[in-house]
Every structure is written in structure tokens, then in C-alpha cells.
2 protein chains.
Amino acid sequence: MLTTATAARAPQMPAAAQGWRDNQQASRRIADALHTLQDKLPIQRRVVHAGDKIYQAGDAFGCLHVVHSGIFKIINSAADGREQVVGFHFKGDWLGFDGIAAGQYGCDAVAMDTGEVWSFRYQALFEACAQHPELLSLLHEAMSREISRDRESLLSLCTLSADARVADFLRYWAESLAQRGLRTDQITLRLTRAEIGNYLGMKLETVSRAMSRLARDKVIQFSERGRRDVQIPDVAALSAFVQRSLTPAGETLQ
Amino acid sequence: MLTTATAARAPQMPAAAQGWRDNQQASRRIADALHTLQDKLPIQRRVVHAGDKIYQAGDAFGCLHVVHSGIFKIINSAADGREQVVGFHFKGDWLGFDGIAAGQYGCDAVAMDTGEVWSFRYQALFEACAQHPELLSLLHEAMSREISRDRESLLSLCTLSADARVADFLRYWAESLAQRGLRTDQITLRLTRAEIGNYLGMKLETVSRAMSRLARDKVIQFSERGRRDVQIPDVAALSAFVQRSLTPAGETLQ
DNA sequence: CGATGTGTTGACCGGGTTCAAACAATGTGG
DNA sequence: CCACATTGTTTGAACCCGGTCAACACATCG
């Protein structure tokens, strides 16, 4: 149906209001998608807790999964033991696409807190797609979004300094929450510094230092109870920080 | 149909022969896929030359493309001017998946040499998929493979040293050629050191130094006519180099 | 309480960047 | 044909960002 996720912009609208509308739309899209799925497919629901594995690299592929609640991390582990967090998945995101071509999953999918995943046989989805084009649309858009997201990761990995990468990560995280209708001014990271560092291609000490600097610059703020809780008064300030750190000198590039 | 790209292994087979069989299979799969596509869909063929853009970030999405010959690079450009090469596409690879969800392409796709792309309306493919499940299978496997490949990139970006990344890149490039039935002992890189560096998240000088070291270690060899031509007598030696550089000290980890 | 896991901060070091110079390959125009 | 410009590659030297190692703070939990 070629439905677009973000409709044509309204340039005369203030940026903040625009962002809010986008998030509303995203939230709506996700809710609709989950609704469509449970209408059209036999679904296996499963409640999971922190540390539970939805699937592991090497497991025979047969099912795709959709996050109904909770947050999940995807870990790509090489044969030689290297482990790399390659992505995080929130409500409405799909899990397991990498298994389709290979016939087996290529990564581990691990729950980071209590949540619920919906699973269904890929075969069943495949057949249902022929009957219900909207289902096919859903699937393709989800895969497309995943590809785009991975490329964003590559971009920030290759072009940003460590501090900027951390800022960009927090922006991404807050954005992801906002798109699910959750508050972002006060978020609880369910990751250790080591996990963040792994994802961002840096060491935990560097993450810690970067966050301290962000706090010193008032871009973020630590909650009084624990350094895992981060207050982000203004998400746009994180983007601004990233931009600022792109131009070391005050380049007046107009 | 849940067809798997790489069938069950035959463990008693020598690794080299196994690799050769895998490449044969891949080559066959690609040829079959192209065949299926032109059978089932109205295709727009287009010959392109080095530098030609198949599409640009921001262009309205409407078509998907498949590489029939030549090599293409995908460039993700941020609003602030950062440009990042996020992937290379060879014969049989698809272009444009990132446009499905957003309604517009998110990257540029640029030809690196003379080649041919097959394009078709996403809408037409979408409708044909309902009739021809094998078409849908093709599409999903291609998207799945793309996601897996991006994650491989993330893994090597985050876990490998500069030298190892260059070695791994050459291995990937040779492997990609081998899977298309092309020779790998003597390849001509159609990229500058700067482009390789951009893709690998390092500067061109670092690429140059890394390649000099690889040549000094006899893992690769420069052709007499120009440093763009690289001879790879043994692709496995590149993998071995990567593994070697993982363990700085001689860790006898059994 | 000690034990364990996590986060912060400092001091030092090294791999990769930056800056610079020289060289190679290719093309252009006289 | 050579002089010259252009673009890409190589290599050296100095510098710096982020890694490494270490000490300490601060939770939670048995």
C-alpha cells in the first residue's frame, strides 16, 4: 500500500510540536500494527524477565517475534568469542529477521527487563501475507526500518567522537521511548556502562567519563538515586551537543 | 518456503572444498533469483557508469532495484553534511530497502563502475508477491541478508583493530566476488583509500599503512601496475590475520 | 558484616589521527 | 614529445583521544 511512516511535513509548524506529532503518529502506528497482527495470526504470547533469551545464534529459524512490552538487546557473537551488542528493540519492533535467509538465527535476543513477546511461525505469517496485504506492508516496513536503523548506527560509529556517540545514544534511546508514548525527561537505563560501551564501540570508562561531561554541561542530569537514572530535560539539547562536537573550532560555515 | 541459503554442512568435507561448494550454491542462487525476477515482473533495465546515482537520499520511494552487474556503494548522508559509506552491493543484491518504511530513500546509491541495474515498481512487486510466493521468499531473504551483513559490519567496526578491519574488508570483498563466480586471486579495488577508510571508520593514511603491513606479511601482494590491484593468493590467510590480531599476546587458550 | 558487582576518577600509554612532504599515475595543452 | 596540473598513494613525525591499569566509592545481597 506504500503507506509512509512519517507523512509530509508541515514546515510552518514549530519543531517541538512537529516532534510531538511525529511521536504520536509512531505510537499510533505501533498500536495499530500489534492490533493487526493479533487479528490475522495465531500468536504465541510469552512473558519474559531480564536475562531471558528469546532465541540464540545457531537456533533453527522458524519464528519471528514482536516486542509487546519491555526492551530487548540483540547480540552478535562471532565464532572466535567476540560479542557485540548490535541493537535494541522496543515495543512494536520485530526480532529474528536475520534468521530468514540463513535458516538459523545469527544473534542472541535477550530481554533486558520484564516484558512480553509475541511469537508466530514465519510460515504462518508468510501464508497470511498472501491474503492480507496490510500484513505484508507491516512486515516490510519493519524490516526496512531495521535496515535504516543499522545504517544510522554505522554513521554515528564512524563519524562521531566518543562523547558525541554517548549523547547520540541517549538521544536515540529517549526518542525511542517518546515514540512509544513514554516520558523521556526521566529515564532508567537498563544497561550497564559496559553494555553501552560495547554497543558504542568504546570502553566502559569512556562511557562513564562522557556521561560525567554531559552532566557537567547540563545536557543531562543524574537522579539522586543512582547513576542509572538519567534526566533529560531537553532531548534537543543532546542533538545540539552532537552538532557542537562536530565542529571543534567555531567554524562559521554560515 | 523457508528455503535456507546455505544447506546443512558436510563436516567431513575439507574446508576449501566446502567453501567452493558454498560459493557455487550462492552463485546459483543469485542466477536463479534474477531469472525468477525477470519472469514474474515488468523490469526496467538500465546501464550505468561509474559515478551514476541510482537514487539519492530524499528521492520519493517507488522502486526497488537489483544489481545485475557492476558494484555499487551506499552512502548515508546526515543533514549536517557527514557522509558515510554504509555498504557495497554486488550482483544479485537489492538496492533501496530503506525507502520502504520512510516513503523516501535514506541514502544515495552510486555505481562504482559500468554495470546494469534492474528496477521495478515496489507496488508491482508487492502485488506479484501475493501470486508468486517464491518472489516473496526472494525478497525476504534479500532483506534478511542485508540486515545480517550490516550487523557483521558493526561487529568488525567495534571489535577489530584498524589493521584487522582492513584485512576483514578485503576478505569480505574477495568472498563477495567468489560468491559471484569471479576470481579473487587478483582483484581490482574500485575504491580509493579514502573511501575504504570512510567505510571502515578510519583515515586514508591508516588504510594505506595497514595495506602496506599486510603486503609486508605476505597476506596480500600488490600488482606491478598500480596499488589498486591487489593479489590475494589465499583468502583464508586474511581470516587468519584477523584472528591473529585478536590476541595481542600469544594466548594459549587451547 | 564481608562479598560482589557497578560506577567514577586519575595517571599513563599507545594506536590512530593530523600535518606534511614526496612520489606515482593520469591527463591536458602547447 | 615534454611541461604541468590533478588526483591518489605512501611514509614520516608529532600529537591526542580513547584504552589500560589501578584505586576508590557505593550500592545490593547473602
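Sequence lines set the chain letters: A, B, ... in the order given, protein chains first and strands last, and positions in each chain run from 1. Just so it is clear, the model here is predicted, and its values are computed rather than measured.
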Visitor: How many whole angstroms separate atom CD of A:Glu205 from atom P of C:dC12?
Guide: 17 Å
Visitor: To the nearest Å, give me how far apart CE (A:Met211) and C1' (C:dT9) are.
Guide: 15 Å
Visitor: Going by atom types alone, do B:Ser245 and B:Asp163 pair a side-chain donor with an acceptor below 3.5 Å?
Guide: no
Visitor: Which of residues 159-168 of chain B sit near DNA chain C, with a heavy atom under 4.0 Å from it?
Guide: B:Ser161, B:Ala162
Visitor: Distance alone, cut at 3.5 Å: any donor-acceptor contact between the side chains of B:Ser144 and A:Asp98?
Guide: no
Visitor: Quick one: do the A:Trp118 and A:Glu116 side chains pair a donor with an acceptor below 3.5 Å?
Guide: yes
Visitor: For C:dG5 and A:Thr192 - does any side-chain N or O of the residue sit under 4.0 Å from the phosphate oxygens OP1/OP2?
Guide: no
Visitor: A quick test of your reading: do over 12 heavy atoms of other residues, nucleotides or ligands sit less than 6.0 Å from CD of A:Gln243?
Guide: yes
Visitor: Counting only side-chain heavy atoms from C-beta out, which of D:dT20, D:dT10, C:dG7 sits nearest to B:Phe222?
Guide: D:dT10
Visitor: Of the nucleotides D:dT11, D:dT9, C:dT17, which one has an atom closest to the side chain of B:Lys203?
Guide: C:dT17
Visitor: Check whether any side-chain N or O of B:Ser27 sits under 3.5 Å from a backbone N or O of B:Asn23 as a donor-acceptor pair, and report yes or no.
Guide: no
Visitor: Tell me: CD of A:Glu195 to P of C:dG5, nearest whole Å?
Guide: 15 Å
Visitor: Within this structure, what is the CG-to-P distance between B:Asp229 and C:dT26, rounded to whole angstrom?
Guide: 10 Å
Visitor: Atom CD1 of B:Ile220 and atom P of D:dT9: how far apart are they, to the nearest Å?
Guide: 13 Å
Visitor: Please give, in whole Å, the distance from C:dT9 C1' to A:Leu204 CG?
Guide: 12 Å
Visitor: Kindly indicate whether the side chain of A:Arg209 and the base of D:dT20 share any N or O donor-acceptor pair separated by less than 3.5 Å?
Guide: yes
Visitor: For C:dT9, take OP1 and OP2 only and decide whether either is under 4.0 Å from a side-chain N or O of A:Ser208.
Guide: no
Visitor: Tell me whether the side-chain N/O atoms of A:Thr206 come closer than 4.0 Å to OP1 or OP2 in D:dG19.
Guide: yes
Visitor: Is it the case that A:Ser156 and A:Tyr172 place a side-chain donor and acceptor less than 3.5 Å from each other?
Guide: no
Visitor: Go through C:dG7, C:dT17, C:dT9 for me and flag the one nearest to the A:Arg227 side chain.
Guide: C:dG7
Visitor: Whole angstroms only, please: what is the CG-C1' distance between B:Leu191 and D:dT7?
Guide: 16 Å
Visitor: Rounded to whole angstrom units, what separation is found between the CZ atom of A:Arg193 and the C1' atom of D:dT20?
Guide: 19 Å
Visitor: Just wondering, do A:Val242 and A:Asp168 contact through their side chains at under 4.5 Å, heavy atoms?
Guide: yes
